[in-house]
Amino acid sequence: MIITELSNVDDIIQNQREFFQTGKTKDVTFRIEQLRNIKQAIIEHEQSIVEALQADLHKPEVETYLTEIGVIKEIDYAIKHLKTWTKPKKTAVSFDFFSYSARIYPEPLGVVLIIGPWNYPFQLIISPLVGAIAAGNCAIIKPSEIASHTSRIIAEIVAKYFDPAYIAVVEGGVEASQKLLAEKFDHIFFTGGTAVGKIIMAAAAKYLTPVTLELGGKSPCIVDTDINLEHTVRRITWGKFINAGQTCIAPDYLLVDKKIKKDLIDGLGKSLKEFYGDNPANSPDYARIISQKHFDRLVDFLKDGEVIIGGVAQASERYIAPTVIDNVSLEDSIMQEEIFGPILPIIEYTDIAEAIALINSRPKPLALYLFSQNKNLQKRVLQETSSGGVCINDTVMQVGVSSLPFGGVGDSGIGNYHGKASFDTFSHNKSVLQNSFWLDLKWRYAPYEGKLPLIKKLLG
Ligand code: NAD
């Protein structure tokens, strides 16, 4: 059964609450079975997933495997570690608590809501779902209506492999989202833009529902002179133009040491040719813009600065060539808004202090990239800037390391996930203290007369 009827939302939540109360989702064997289930579902539907992403974003098959179906890695990681994660953890107690034992019990939150975006529309729903299942929750999923083919395949897979009283999909746009947000959940996990993130948080506040907000922003990429130029340009080209730049952690703009700017621009031109040929419109390896609205928004950016590579746009195909822009002003809209498309502005600096000052004058980014082998410079940038994450001498790859929590800070988000962090996000750490009966010292009981010196000693 595919759930699309919004009038059913109350029933789905009620059924999930009842299912959660049975305690079944708390059984670790059950959770592992469900994780295997979702892995199997993905494997059996690989072809349909590839086709859905082709239809939504013209996403090349290799990119779909790397960045969408590759979510299987997260499932395997959770299956491998789940027994350790779910075990109560003994913690140390101080000397005055010598007759006690202290433990932390991770417990599921209950019924959670996961709302996804359109740019990696499969992975960004399934990856948080892995955390929700691993932690023992029931979940309602709302994929992005804008990637409609992927939304449909997610709905089909979930309906085929899971009881809606455990995991259910509600398809639809803003109306569906708002209908869901009017209900009480035990956690809301949202991936999307900062503006909508604020709406989600306001709705969650009504019920004191905790939120994870995986948002976006402008992720800077600093390029110093102490680099391997050939590797640098390839890694920047890949991270910026994969999925036609519609990646939350794509380098949004380059901050380049003036001394290396010309070489870098030449190198970017060469690597773009190497990747996509003379005319990227004919390359099977280059995606398209998701919608007319986003296409129009991006075409507007082409008016800013001076196009030095690319700049071609074809509305009929929603194609925008990989584009590099020089001489932009910091006031131009391309330097004010998140670009989220295949347009890369270059800003030069003469001293790293200028680049750091520019980054620090803006909202904290989701990702920060630094290309440099200079250890002192690396240390300085790490110490003097704040961002969700940092990747040195590469782009985007940080998202694939399950042991690294992924998330933003400030305007780029609240909370994080991936690997153990996903389990923690969807768990409550219940602190449990236990005393024993073999001794009962009376120092804390009334009457207090004569006990103060001992209490002072214990506190000191
Ligand atoms: P969006 O915020 O427009 O939409 C995300 C989801 O929210 C969709 O499911 C949509 O239906 C829903 N939604 C939209 N308007 C709503 C409203 N008024 N009330 C309630 N729900 C609403 O984001 P998008 O355009 O799908 O994705 C692009 C943004 O997401 C970019 O800013 C990007 O940086 C960010 N993003 C972040 C990450 C991350 O991991 N941090 C990953 C991918 C995308």
Side-chain angles (χ1 to χ4, degrees), residues 6 9 56-57 67-68 71 74 113-128 131 140-148 150-151 154-155 169-183 185 188-204 206 211-219 239-240 242-252 289-295 297-298 336-341 363-368 387-389 396 398-400 404-418 421-422 425:
L6 289 186
V9 162
D56 285 330
L57 281 149
T67 63
E68 305 272 9
V71 72
E74 273 284 306
L113 172 64
I114 298 170
I115 301 178
W118 52 260
N119 62 331
Y120 290 90
F122 189 76
Q123 188 239 124
L124 293 175
I125 284 287
I126 304 299
S127 185
I140 294 183
I141 298 165
K142 212 291 288 167
S144 170
E145 73 286 10
I146 296 174
S148 60
T150 311
S151 172
I154 292 172
V169 175
V170 173
E171 287 195 88
V174 177
E175 192 200 345
S177 229
Q178 287 178 348
K179 172 94 181 144
L180 286 163
L181 289 170
E183 302 292 331
F185 287 92
I188 300 176
F189 189 104
F190 170 79
T191 308
T194 303
V196 180
K198 290 177 186 171
I199 297 173
I200 304 291
M201 196 159 168
K206 197 168 57 184
V211 291
T212 303
L213 301 178
E214 294 283 338
L215 310 177
K218 291 182 86 60
S219 297
K240 177 69 189 186
I242 187 173
N243 204 28
Q246 299 161 112
T247 305
C248 58
I249 48 168
D252 187 273
I289 306 306
I290 184 78
S291 68
Q292 191 61 40
K293 184 176 141 210
H294 284 279
F295 176 86
R297 186 182 64 81
L298 289 165
Q336 293 290 325
E337 295 163 34
E338 177 182 15
I339 298 171
F340 216 55
K364 292 179 182 177
L366 184 56
L368 185 148
S387 56
V396 176
Q398 72 273 27
V399 76
L404 283 176
F406 179 82
V409 57
D411 282 23
S412 57
I414 294 174
N416 48 46
Y417 73 132
H418 288 182
S422 294
T425 284

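The analysis underlying the following values was restricted to heavy atoms, covering all of them including side chains, and did not include hydrogens, waters or symmetry mates. Each ligand, and each atom within it, is numbered from 1 in the order the structure gives.
Within the 4.0 Å heavy-atom criterion, neither part of Tyr120 lies near ligand 1. No part of Ile249 comes within 4.0 Å of ligand 1, judged by heavy-atom distances. Of all the heavy atoms of Thr247, none lies under 4.0 Å from any atom of ligand 1, so neither backbone nor side chain is involved.
In this comparison of Glu171, Lys218, Glu214, Glu338, the heavy atom closest to atom 31 (C) of ligand 1 sits on Glu338. Closest to atom 6 (C) of ligand 1 by heavy atom, among Ala202, Ser177, Gly192, Gly116, is Gly116.
Among the atoms of Tyr417, none of the N or O lies under 3.5 angstrom from an N or O of ligand 1. No N or O atom of Thr194 sits closer than 3.5 Å to an N or O atom of ligand 1. For ligand 1, the polar-atom distance check against Gly193 finds a nitrogen or oxygen pair separated by under 3.5 Å. Among the atoms of Leu215, some N or O lies under 3.5 angstrom from an N or O of ligand 1. Here's the thing with Glu145: one of its N/O atoms is less than 3.5 angstrom from an N/O atom of ligand 1. Of the N or O atoms in Thr191, none lie within a sub-3.5 Å distance of an N or O in ligand 1.
When only non-hydrogen protein atoms are considered, atom 26 (O) of ligand 1 lies nearest to Trp118 CD1, 3.0 Å. Shortest contact from atom 27 (O) of ligand 1 to any protein heavy atom: Pro117 CB, 3.5 Å. Ranking the protein heavy atoms by distance from atom 42 (C) of ligand 1 puts Cys248 SG, 3.0 Å first. Remark: minimum distance from atom 7 (O) of ligand 1 to any protein heavy atom is reached at Phe190 CE1, 3.3 Å. For atom 28 (C) of ligand 1, the nearest protein heavy atom (residue, atom name, distance) is Phe340 CE2, 3.6 Å. Protein heavy atom nearest atom 13 (N) of ligand 1, with residue, atom name and distance: Val196 CG1, 3.8 Å. In terms of protein heavy atoms, atom 19 (N) of ligand 1 is closest to Gln178 NE2, 3.5 Å. Looking only at protein heavy atoms, the nearest one to atom 40 (O) of ligand 1 is Phe406 CE2, 3.3 Å.
For ligand 1, the atoms sitting less than 4.0 Å from at least one non-hydrogen atom of Leu366 are 41 (N), numbered in the order shown with element in parentheses. Atom numbering of ligand 1 starts at 1 in the shown order; those under 4.0 Å from a heavy atom of Asn119 are 43 (C), 44 (C). Within ligand 1, counting atoms from 1 as listed, the ones closer than 4.0 Å to a heavy atom of Leu124 are 42 (C), 43 (C).
Of the possible polar contacts, none joining the Asp252 side chain to the Glu338 backbone as a donor-acceptor pair under 3.5 Å is found. Side chain of Gln398 to backbone of Val396: a donor-acceptor contact under 3.5 angstrom is found. In this structure a side-chain-to-backbone donor-acceptor pair under 3.5 Å is missing from Glu74 to Val71.
Note: His418 and Phe406 have parallel aromatic rings, judged against thresholds of 30 and 60 degrees for the angle between ring planes.
Contact annotation: the side chain of Lys218 never approaches that of Pro363 to less than 4.5 Å [non-hydrogen atoms, C-beta and beyond]. When side chains are defined from C-beta on, Asn243 counts as touching Tyr120, because their heavy atoms get closer than 4.5 Å. Using a 4.5 Å heavy-atom cutoff, the side chains of Pro365 and Ser387 are in contact. For the pair Ile414/Met201, a side-chain contact is recorded, criterion being any heavy-atom separation below 4.5 Å from C-beta on. Put simply, the side chain of Leu124 reaches to within 4.5 Å of the side chain of Asn119, judged on heavy atoms.
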TODO: Assess whether side-chain contact (heavy atoms from CB on, under 4.5 Å) is satisfied between Ser151 and Glu145, documenting all intermediate values.
DONE: CA-CA 6 Å; Ser151 172; Glu145 73 286 10; over 6 Å; no
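Open room surrounds NZ on Lys293; 12 or fewer heavy atoms of other groups in view lie less than 6.0 Å from it. Counting non-hydrogen atoms of other residues, nucleotides and ligands closer than 6.0 Å to CD of Gln292 gives a total above 12. Environment of NZ in Lys364: sparse, with no more than 12 heavy atoms of neighbouring residues, nucleotides or ligands closer than 6.0 Å.
Ligand 1 lies out of reach of Gly408, whose nearest heavy atom is not under 4.0 Å from it.
Distance screen at 4.0 Å: atom 4 (O) of ligand 1 has no protein heavy-atom neighbour inside the cut-off.
For the pairing with Ile188, the side-chain contact (heavy atoms from CB on, under 4.5 Å) check across Ile114, Thr212, Leu181 returns one residue only, Leu181.
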